[in-house]
Amino acid sequence: MKKYDINQFRAKDWYNLGYKFESSTKQIQFFKKAVRLDPLHGPAWHFLGSIYSRKGDEKMEKFCNQKALEAYKIGLQRYRRELTKSEWECQNENKKDDPMKTMILPKKTYDVLSEIDNEIDSILENLGRLYWNMNEFEKAVECYDKLIDLYPNWGSPHKSRGQIYNRLGNHEKAIDDLRFAVEIDDTDYESYYLLGKSYAIIGKNDRALWYFAKAKNAAEKSLDCVAAKVVKADSNYELQEYDESISEYGEILRNDPKNKFVWNKMGEALVANGEHKKAIKCFQKACKIEERKNSSKGGEY
């Protein structure tokens with residue numbers, strides 16, 4: 001087995017290492033090392049913000065999201081050659097009160113920083129996702145608009161923009177984007193499912209059921225993935241195939257018994273199937289998981 005000298009690790013090495021761990025404690029440890037070496041490592045800041053969000057630490061979540069936002073914006077400026085080295089040095093010197101204790105880097109390192117963020121598609125996609133997490137949906141749409149202008153045949157930004165349009169209540173635009181996404185990738189079970197939800201909301205139920213069936217069929221071919229299993233179970237629920245839906249939610253929970261969202265979904269399926277006592281137990285289970293999470297004050301359980 002190849003041995004690594006951690007003294008030679010770069011920021012992206014620590015980031016890649018942290019990304020491999022499921023433990024949030026380990027992830028925080030390695031992502032912090034990444035941003036201390038490279039304060040412009042947007043994805044590391046971004047993931048830190050997500051972890052602190054799950055832990056309920058709003059102060060650190062906001063701080064990390066803001067640092068990620070700065071990193072992505074500077075990445076865009078550098079891509080457009082709008083940020084000079086002297087301006088970078090000035091911004092760097094003005095950074096104070098940093099609880100993460102990121103290093104003050106010399107001007108000579110400017111050109112080799114943030115290798116992971118140097119591609120415009122990566123910057124815009126990450127920035128759009130960050131705005132989405134921060135509930136700044138209009139700004140997220142602007143990022144995906146730019147991505148689509150640059151790469152008109154790329155399905156991913158259409159899918160993301162379609163999801164946001166759904167959140168904004170603009171279901172017609174969402175349908176246009178999501179239909180484009182499944183034309184590019186006919187295995188995209190998530191987009192099929194979202195199309196079904198969109199058509200259901202605007203009252204086109206026959207079309208909605210057709211897309212739920214497409215989502216179920218596409219998800220069946222990817223059942224090694226938890227997300228696919230959830231989409232299949234959700235699609236069965238929408239198709240009123242409640243017994244199958246309950247069975248599939250149960251299988252997911254056997255492998256992930258602390259998933260409060262699936263406990264809630266299973267409870268809803270049981271209600272629809274007339275099994276109210278079992279449904280109550282599922283909802284209670286979801287509540288207990290949430291209470292345990294809140295009482296742990298961010299600790300793992």
Side-chain angles (χ1 to χ4, degrees), residues 46 49-50 53-54 58 61-62 65-66 68-69 72 121 124-216 218-219 227-228 230-240 245 249 259-269 271-272 283 286 290:
H46 196 155
S50 298
S53 174
R54 295 197 301 270
E58 295 182 4
E61 176 194 0
K62 183 177 180 181
N65 284 345
Q66 188 58 43
L69 189 59
Y72 292 144
D121 55 337
L124 285 171
E125 190 172 25
N126 284 323
L127 184 57
R129 191 177 300 114
L130 179 63
Y131 278 132
W132 187 349
N133 291 346
M134 297 169 70
N135 295 323
E136 297 187 33
F137 299 119
E138 298 292 348
K139 291 182 179 178
V141 167
E142 290 176 7
C143 292
Y144 294 122
D145 287 344
K146 292 174 184 175
L147 265 178
I148 289 167
D149 287 341
L150 288 169
Y151 307 100
N153 294 321
W154 186 15
S156 179
H158 282 278
K159 176 180 178 178
S160 296
R161 191 173 68 176
Q163 290 175 284
I164 294 174
Y165 278 141
N166 263 337
R167 291 286 297 272
L168 294 172
N170 196 334
H171 303 295
E172 297 290 349
K173 282 190 174 182
I175 286 169
D176 288 341
D177 270 330
L178 293 168
R179 287 183 64 181
F180 185 92
V182 296
E183 285 174 10
I184 297 295
D185 179 7
D186 62 3
T187 68
D188 186 353
Y189 49 84
E190 290 178 324
S191 290
Y192 281 128
Y193 179 76
L194 291 168
L195 277 164
K197 295 291 285 185
S198 299
Y199 277 115
I201 289 170
I202 63 176
K204 296 185 177 181
N205 294 322
D206 289 344
R207 185 65 62 87
L209 292 173
W210 188 84
Y211 275 111
F212 287 135
K214 292 285 286 184
K216 176 183 175 179
V230 172
V231 167
K232 184 185 177 187
D234 289 347
S235 298
N236 275 320
Y237 174 83
E238 298 293 348
L239 293 165
Q240 299 184 10
S245 181
Y249 286 137
N259 192 323
K260 67 172 184 177
F261 301 104
V262 176
W263 279 113
N264 275 320
K265 286 175 178 288
M266 189 169 183
E268 291 170 5
V271 169
F283 294 134
E290 180 64 19

Nearest 0.5 Å, please: how far is CD1 in I175 from CG in N166?
7.5 Å
Please report the shortest heavy-atom distance between A140 and W132, naming the atom on each side.
CB-N, 3.9 Å
H171 side, atom NE2; D176 side, atom CG - distance, nearest 0.5 Å
13.5 Å
CG of L178 to CD of Q163, rounded to nearest 0.5 Å, is 7.0 Å
Does the side chain to side chain donor-acceptor pair (under 3.5 Å) test come out yes or no for D188 and Y193, once each step is laid out?
CA-CA 9 Å; D188 186 353; Y193 179 76; over 6 Å; no
Just how far is it from atom CG of N133 to atom CG of L69, taken to the nearest 0.5 Å?
11.5 Å
Rounding to 0.5 Å, atoms CD (E268) and OH (Y237) come to a distance of 5.5 Å
State the NZ-CG distance between K214 and D186, to the nearest 0.5 angstrom.
7.0 Å
Run R129 and Y144 through side chain to side chain contact (heavy atoms under 4.5 Å, CB included) and show every step you take.
CA-CA 9 Å; R129 191 177 300 114; Y144 294 122; 4.2 Å; yes
Student check: side-chain heavy atoms of W263 and F283 closer than 4.5 Å:
no
Who pairs with I148 by side-chain contact (heavy atoms from CB on, under 4.5 Å), at least two apart in sequence or on another chain?
P157, H158, R161
Taking side-chain contact (heavy atoms from CB on, under 4.5 Å) as the test, write out the residues that go with I184, two or more places apart.
F180
Scanning both residues in full, the closest heavy-atom pair of S191 with V182 reads CB-CG1, 3.5 Å
In terms of heavy-atom contacts, A233 and S245 come closest through O-OG, 2.9 Å
Just by distance, do the side chain of S53 and the backbone of G49 share a donor-acceptor pair under 3.5 Å?
no
What's the shortest heavy-atom distance between A208 and G196, and which atoms?
CB-O, 3.2 Å
Taking E238 first and then K216, would you say they form a salt bridge - that is, a charged N and a carboxylate O separated by under 4.0 Å?
no
Less than 4.5 Å apart, any side-chain heavy atom of L127 and any of Y131?
yes
Check: Y165 and V141 side chains under 4.5 Å, non-hydrogen atoms
yes
So Y211 and Y199, would you call those rings parallel, tilted or perpendicular, with 30° and 60° as cut-offs?
parallel
Specify the closest pair of heavy atoms between A174 and S198, including all atoms of both residues, with the distance to one decimal.
CB-OG, 4.4 Å
Using the side chain to side chain contact (heavy atoms under 4.5 Å, CB included) rule, take Y192 and T187 through it: C-alpha gap first, then chi angles, then the decisive distance, then the call.
CA-CA 9 Å; Y192 281 128; T187 68; over 6 Å; no
Crowded around N135 CG? As in, over 12 foreign heavy atoms under 6.0 Å?
yes
